[in-house]
Amino acid sequence: MKIEKELYAGKAKSVFTTDDPDLLILNFRDDTSAFDGKKVESLSRKGAVNNQFNAFIMQKLEAAGIKTHHEKLLSSNESVVKNLEMFPVECVVRNIAAGSICKRLGVEEGITLTPPTFEFFLKDDELGDPMINEYHIRSFGWAKDEHIEQMKTLTFQINDVLTQLFREAGLLLVDYKLEFGLFQGEVILGDEFTPDGCRLWDVETRKKLDKDRFRQGLGDVIEAYEEVATRLGIEFLGTFTK
Ligand code: TMP
Ligand code: ASP
């Protein structure tokens, strides 16, 4: 398989086409962004840590019977993925209140949400990724009914798998964001699952071990990601070449 051209550069990843139209290469960069691109910094090792973190999580999800776009690691900071037709929506599940829901609804950070709650957001930085509902998705044709249902079902199935996985590593999965796409007519998990797109707290101390360290200027951002990875038993390949 050969890399062809850069298709798209996002805030933290670049996407390349290959000579196989069904496969893309994701390049995880060190760039770290928050607040819809308003705060940007390059953090050493982040690309490699997130690429391998993501591969580990995607493999765990596949083992639990959830289909993902992940095919294989290509290098320390690159992965081969299926070429999905992405829905322009983000699926968020919250097990514990934190972040935007606290501001929006005036609830205290740290409250357990029983049952966990679900929110859709529109993937649009210029608009600040506004929260949307299923009627918006249907009216604007962002996804069909059956695909909306599948995204919700899969997001909650993933919650069961990952809540337990992190709990065994002494971590609370507070919330997370997923993106899905279609591959040969099927809804498949795309994008990434890394500490950039979720909140993880130490179960005892509730220390933040995710991108909130960057958003809130708490320091030791990548050290925290590496601590989570170590607790999960992820072995980093270091810098290996193709
Ligand atoms: P929020 O509290 O900012 O709404 O985010 C909820 C969770 O989803 C949090 O773990 C961050 C993640 N998220 C993203 O990574 N990107 C996004 O664009 C959104 C809306 C949420
Ligand atoms: N809205 C998310 C954040 O604040 C994602 C992003 O803007 O990149 O980090």
Side-chain angles (χ1 to χ4, degrees), residues 8-13 26 28-29 31-41 43 46-47 49-51 53-54 57-58 61 86-113 115-134 136-137 142-143 151-152 154-156 158-159 161-163 165-167 171-181 189-203 206-218 221-222 224-225 228:
Y8 173 76
K11 297 190 294 278
K13 298 190 291 298
L26 289 187
F28 287 72
R29 308 194 313 269
D31 297 331
T32 311
S33 110
F35 310 118
D36 308 306
K38 290 188 208 58
K39 178 172 177 170
V40 186
E41 254 174 63
L43 299 178
K46 200 193 81 152
V49 169
N50 272 7
N51 181 41
F53 193 109
N54 176 63
I57 298 290
M58 293 279 172
L61 293 174
M86 299 301 291
F87 299 109
V89 300
E90 305 183 333
C91 302
V92 169
V93 159
R94 300 176 189 272
N95 295 305
I96 297 175
S100 73
I101 200 172
C102 295
K103 290 204 192 91
R104 244 183 300 123
L105 303 183
V107 294
E108 199 186 315
E109 180 179 270
I111 289 171
T112 298
L113 302 171
T117 199
F118 183 102
E119 294 168 347
F120 280 115
F121 292 86
L122 178 66
K123 195 172 165 69
D124 188 322
D125 279 338
E126 277 180 33
L127 297 178
D129 289 346
M131 191 168 77
I132 52 173
N133 65 35
E134 289 174 37
H136 298 133
I137 300 179
W142 292 321
M151 286 193 273
K152 286 191 293 184
L154 286 165
T155 302
F156 278 114
I158 291 168
N159 199 37
V161 177
L162 295 186
T163 300
L165 181 81
F166 286 113
R167 191 62 203 233
L171 297 160
L172 294 170
L173 178 58
V174 173
D175 58 29
Y176 57 88
K177 180 264 300 179
L178 302 175
E179 295 178 29
F180 294 91
L189 178 64
D191 191 46
E192 67 179 73
F193 191 101
T194 67
D196 268 6
C198 69
R199 291 191 170 93
L200 294 163
W201 295 350
D202 179 85
V203 72
R206 297 208 159 196
K207 182 183 172 185
K208 295 178 180 177
L209 296 166
D210 54 66
K211 201 166 83 175
D212 269 350
R213 301 200 70 78
F214 175 72
R215 295 189 189 97
Q216 299 173 9
L218 301 175
V221 180
I222 302 310
Y225 290 21
V228 173

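Note that ligands are numbered from 1 as they come in the structure, with each ligand's atoms numbered from 1 the same way.
Considering backbone and side-chain atoms together, Arg104 places no N or O closer than 3.5 Å to any N or O of ligand 1. No N or O atom of Glu119 sits closer than 3.5 Å to an N or O atom of ligand 1. For the pair Asp36 and ligand 1, the shortest N or O to N or O distance does not fall below 3.5 Å. Considering backbone and side-chain N/O atoms, Asp129 comes within less than 3.5 Å of an N/O atom of ligand 1.
With Tyr225 as the aromatic partner, Lys46 does not meet the cation-pi criteria of under 6.0 angstrom to the ring centre and within 45 degrees of the ring axis.
More than 12 heavy atoms of other residues, nucleotides or ligands lie within 6.0 Å of CD in Gln216, so this atom counts as buried by the packing criterion.
The side chain of Arg94, and not its backbone, has at least one atom closer than 4.0 Å to an atom of ligand 1 (non-hydrogen atoms only; side chain from C-beta on).
A salt bridge links Arg199 to Asp175: one of the charged nitrogens lies within less than 4.0 Å of a carboxylate oxygen.
Judged as a side-chain hydrogen bond (donor to acceptor under 3.5 Å, both in side chains), and not counting sequence neighbours, the contacts of Glu109 are Lys208. Under the side-chain hydrogen bond (donor to acceptor under 3.5 Å, both in side chains) criterion, Asn51 pairs with Ser79, sequence neighbours left out.
For ligand 1, the atoms sitting less than 4.0 Å from at least one non-hydrogen atom of Cys198 are 10 (O), numbered in the order shown with element in parentheses. Interface of Gly99 with ligand 1, defined as ligand atoms under 4.0 Å from a residue heavy atom, comprises 2 (O). Residue Arg215 approaches ligand 1 through these ligand atoms, each under 4.0 Å from one of its heavy atoms: 11 (C).
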*Before giving the answer on side chain to side chain contact (heavy atoms under 4.5 Å, CB included), spell out for Thr155 and Phe118 the whole-Å C-alpha distance, their side-chain angles and the decisive distance to 0.1 Å.*
CA-CA 9 Å; Thr155 302; Phe118 183 102; 3.8 Å; yes
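One option in Lys123, Lys177, Glu179 has a heavy atom closer to atom 12 (C) of ligand 1 than any other, and that option is Lys177. Proximity annotation for atom 19 (C) of ligand 1: of Glu192, Lys11, Glu90, Glu90 comes nearest, heavy atoms only.
Residues Val228 and Phe53 meet the side-chain proximity criterion, which asks for heavy atoms closer than 4.5 Å.
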